[in-house]
Amino acid sequence: MTEPKPPEETKTFTLPEVLPILPLYNVFVFPKMMLPMEVVGEESMKLVDDAMARDRLIGLVKAKKPQADEPLTAEDMYSVGTAGVILRMAKTVDNKAQLLVQGISRFKVLAFTEVQPYFKAKVAPIEEIAVKDLEVEALVANLLTLFDSIVKLSPFLPQEFGLMAKSITDPGTLADMIASVINADVEEKQKILEILDVKERLREVTRLVNHQVEVLELGNKIQSQVKSDIDKSQREYYLRQQLKAIRQELGENDEPKVEVEDYRAKIEKKNLPGEAKKEALRELERLSRMHPSSAEYTVSSTYLDWLLSLPWTESTEDNLDIAKARRVLDEDHYGLEKPKKRIIEYLAVRKLKPDSKGPILCFAGPPGTGKTSLGHSIARAMGRKFIRMSLGGVHDEAEIRGHRRTYVGALPGRIIQGMRRAESRNPIFMLDEIDKVGSDFRGDPSSALLEVLDPEQNFSFSDHYLDVPFDLSKVMFITTANVLETIPPALHDRLEVIELPGYTLDEKVEIAVRYLIPRQREANGLQAAQIRIGKGAIRGIISGYTREAGVRNLEREIASVCRGVASRIAEGAIR
């Protein structure tokens with residue numbers, strides 16, 4: 001921002017009766033000041049084009065509201081603006097214009113005469129009320145001193161601005177120049193523009209400059225204090241120390257930390273059960289007394305994150321439409337009449353008695369008979385979330401009950417982890433391979449599962465990490481096993497076993513036609529017209545290559561056939 005000598009054509013400037021008005025949003029132009037600005041929009045571009053074709057004079061008026069999609073009205077603009085002349089104009093390829101505008105004088109909007117295609121207004125020039133006395137001289141001297149301090153303290157203002165201010169002899173122009181470069185919002189600058197009494201304008205600008213000096217001095221003080229508190233090995237704490245220094249200056253040392261308040265708000269909003277809320281608030285009090293850099297701080301904040309992320313009260317609405325459930329089960333599986341019948345009975349009981357405590361189902365049978373996929377189908381039929389947890393090879397009791405928080409890297413057990421992923425307190429929770437749970441010196445996971453799978457106890461399941469009861473009574477647990485002999489008797493007693501003995505030859509043929517062949521055809525990029533496997537060929541594959549209870553090897557053989565056809569097609573041997 002400079003105070004250039006006006007061009008020859010602006011020395012004899014006369015304000016016309018009607019000016020085209022360009023609304024300003026985030027910039028401001030004072031008389032005798034130059035400002036680069038960007039113009040966008042069809043209306044503004046036409047205004048600039050028309051002004052360049054005439055006398056280059058435009059009216060610059062601040063809009064009262066921020067730039068928005070709604071068009072401006074006459075009531076949305078201030079009544080005092082700055083008349084300006086366009087010194088330079090350059091258009092860009094994206095239909096914008098870069099302008100260099102010099103303010104000429106203040107004017108008052110008497111009335112808006114046109115709105116389209118751009119604003120035009122009847123205007124009248126405004127004369128300053130200039131008085132030269134000792135008070136004005138004192139105000140000017142004080143203002144120059146304060147502005148010199150701003151130039152020295154601010155890293156963004158060139159040092160030349162101080163010399164330029166001292167070269168200005170007119171008090172009103174000095175006030176305008178300083179107001180144009182200090183860090184004040186545009187509403188404050190509009191207020192300066194509307195003050196016609198030069199003495200009053202100097203007072204108002206002095207107030208703004210004083211505030212700016214105080215802000216800059218405080219910032220430098222904080223910066224110096226922070227730098228003195230940290231050494232070379234503690235650079236990573238720089239921002240934290242700076243925040244500490246700011247709070248000391250504001251006298252807010254006793255205020256709770258922002259993060260603690262965030263946790264407190266989340267606890268109130270979460271609607272935790274009584275014991276869980278009590279534990280959360282107790283942990284929050286411990287957290288508020290810790291330093292953020294301590295290891296215990298991370299442990300406490302992680303614990304609160306777990307408490308607040310669990311679905312204590314959130315649940316999905318069950319879809320107990322028996323006809324739809326039967327249709328979904330028939331779509332996903334062929335045969336398996338006994339398991340389907342038991343699942344339909346379970347849903348029917350839930351429909352008649354929603355608070356009933358259902359049994360723990362155990363699908364037992366050889367691999368590949370559809371045990372896990374039945375769980376997916378039940379979840380789809382009921383409209384519940386589906387979570388699967390494999391118990392094969394699990395030897396550590398902490399996998400089920402979690403680690404106590406005294407251990408480094410402690411986490412909740414996989415039951416609680418699954419509940420957080422489900423984001424619902426009533427998912428379908430499938431425990432796969434329950435017959436392959438082991439035990440060693442780390443504990444017996446099958447004993448920990450006794451509480452999980454007992455409808456009379458799991459309403460208050462206790463995870464070692466959480467250390468507060470969590471209600472699992474709304475969860476529908478389904479287990480799977482290949483053999484029943486390896487399941488511990490106490491655990492077996494809690495399960496209602498539904499055996500899936502295997503598929504007959506005819507059932508395997510239908511499963512291959514309905515499910516396996518379409519799935520492998522799509523997986524290998526084949527069209528229906530490019531491969532066709534008849535039932536006789538399927539029977540040959542089953543009887544000659546895949547003597548099994550399930551259909552996994554059958555699917556592998558079908559996949560092998562599809563890959564062979566895909567290779568022939570890729571080589572161009574067949575189309």
Side-chain angles (χ1 to χ4, degrees), residues 1-3 6 13 15 19 21-35 37 58-65 74-85 101-112 121-151 157 161 164-215:
M1 193 72 61
T2 60
E3 186 199 15
F13 166 75
L15 191 69
L19 267 180
I21 302 299
L22 179 64
L24 300 180
Y25 293 95
N26 300 318
V27 296
F28 206 86
V29 180
F30 280 94
K32 300 184 183 179
M33 302 297 126
M34 284 198 307
L35 182 76
M37 56 192 301
I58 58 175
L60 304 166
V61 179
K62 170 74 177 67
K64 293 181 181 178
K65 62 181 183 179
E75 290 75 18
D76 294 329
M77 288 189 286
Y78 287 99
S79 59
V80 176
T82 303
V85 60
V101 178
Q102 179 176 357
I104 302 298
S105 66
R106 290 169 168 79
F107 68 83
K108 181 175 181 63
V109 176
L110 301 179
F112 283 91
K122 187 176 181 181
V123 300
I126 299 177
E127 296 297 331
E128 293 182 344
I129 304 173
V131 177
K132 285 194 175 182
D133 55 17
L134 287 176
E135 186 178 358
V136 170
E137 291 181 13
L139 286 169
V140 168
N142 183 54
L143 189 56
L144 286 173
T145 302
L146 291 172
F147 184 64
D148 192 52
S149 299
I150 288 180
V151 172
L157 288 181
F161 274 28
M164 184 179 69
K166 292 176 182 177
S167 67
I168 299 175
T169 57
D170 179 56
T173 303
L174 176 66
D176 290 345
M177 177 266 172
I178 293 177
S180 67
V181 298
I182 62 173
N183 186 19
D185 58 49
V186 288
E187 280 74 19
E188 293 279 4
K189 294 185 178 183
Q190 176 67 33
K191 183 178 178 182
I192 298 295
L193 184 71
E194 294 179 359
I195 299 175
L196 303 182
D197 188 331
V198 173
K199 187 182 295 186
E200 183 60 33
R201 193 188 309 164
L202 287 168
R203 291 196 188 99
E204 185 62 25
V205 174
T206 300
R207 183 187 65 81
L208 294 177
V209 172
N210 250 322
H211 175 73
Q212 188 68 23
V213 169
E214 290 176 2
V215 171

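Just so you know, these numbers use all the heavy atoms, side chains as well, and skip hydrogens, waters and symmetry mates. What you see is a predicted model; the values in this text were computed from it and never measured.
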| query | Sub-3.5 Å donor-acceptor pair from the side chain of Lys189 to the main-chain atoms of Ser180, do we have one? | reply | yes
| request: Hey, could you give me the CG/CZ distance between Leu143 and Arg201, rounded to the nearest 0.5 Å? | output: 12.0 Å
| field | Heavy-atom side-chain contact between Leu157 and Ile150 under 4.5 Å | value | yes
| Heavy-atom side-chain proximity of Leu202 to Asn142 below 4.5 angstrom | no
| request: Take Arg106 and Glu128 through the salt bridge (charged side-chain N to carboxylate O under 4.0 Å, His left out) test and state the conclusion after the steps. | output: CA-CA 9 Å; Arg106 290 169 168 79; Glu128 293 182 344; 3.4 Å; yes
| field | Atom of Glu188, atom of Leu208 and distance for their closest heavy-atom approach | value | OE1-CD2, 3.6 Å
| Heavy-atom closest contact (Ala165 atom, Leu174 atom, distance) | O-CD1, 3.5 Å
| message | salt bridge (charged side-chain N to carboxylate O under 4.0 Å, His left out), that's the test. Do Glu187 and Lys62 meet it? Break it down for me. | response | CA-CA 8 Å; Glu187 280 74 19; Lys62 170 74 177 67; 3.6 Å; yes
| CD1 of Ile178 to CZ of Phe147: how many Å apart, nearest 0.5 Å? | 5.5 Å
| query | Taking the side chain as C-beta and beyond, is there a heavy-atom pair between Thr82 and Ile104 under 4.5 Å? | reply | no
| task | Determine, for Phe112 and Lys122, whether the Lys NZ or Arg CZ falls below 6.0 Å from the six-membered ring centre while staying within 45 degrees of the axis. | result | no
| message | As a quick check of understanding, evaluate salt bridge (charged side-chain N to carboxylate O under 4.0 Å, His left out) for Lys65 and Asp76, giving each step before the final call. | response | CA-CA 7 Å; Lys65 62 181 183 179; Asp76 294 329; 3.6 Å; yes
Can you give the donor-acceptor pairs under 3.5 Å from side chains of residues 191-200 to other protein atoms, not counting sequence neighbours?
unit_1, atom_1, unit_2, atom_2, d
Glu194, OE2, Gln190, NE2, 2.9
Asp197, OD1, Lys199, N, 3.0
Lys199, NZ, Asp133, OD2, 2.9
Lys199, NZ, Glu135, OE1, 3.4
Glu200, OE1, Arg203, NH1, 3.2

| message | Return the CD1 to CD distance between Ile182 and Gln212, rounded to the nearest 0.5 Å. | response | 6.5 Å
| query | Minimum heavy-atom separation for Tyr25 to Ala63, with atom names? | reply | CE2-CB, 3.9 Å
| note | In short, Phe28 meets Leu35 closest at the heavy-atom pair O-CD2, 3.6 Å
| task | Report yes if the side chains of Pro23 and Val61 come closer than 4.5 Å at any heavy-atom pair, otherwise no. | result | no
| query | Could you state the interatomic distance from CZ (Phe107) to CD1 (Ile21), rounded to the nearest 0.5 Å? | reply | 4.0 Å
| said: Could you report the tightest heavy-atom contact between Leu24 and Val27, atom names first, then the distance? | reply: CB-O, 3.7 Å
| message | Applying side chain to side chain donor-acceptor pair (under 3.5 Å), can you list everything that pairs with Asp170, at least two apart in sequence or on another chain? | response | Thr173
| request: Flag the pair Leu110 / Val123 as yes when at least one side-chain heavy-atom distance between them is below 4.5 Å, and no otherwise. | output: no
| field | Closest non-hydrogen atom pair, Asp176 against Pro31 | value | OD2-CD, 4.0 Å
| query | Quick one: does Met33's side chain get under 4.5 Å of Gln102's, heavy atoms only? | reply | no
| Has Lys64 got more than 12 heavy atoms of other residues, nucleotides or ligands less than 6.0 Å from its NZ? | yes
| Spacing of CE belonging to Met177 relative to CE belonging to Met164, to within rounding of 0.5 Å | 3.0 Å
| said: With heavy-atom distances below 4.5 Å as the criterion, would you say the side chains of Arg207 and Asn210 are in contact? | reply: no
| said: Can you confirm whether Val181 sits close enough to Phe30 that some side-chain heavy atom of one is under 4.5 Å from a side-chain heavy atom of the other? | reply: no
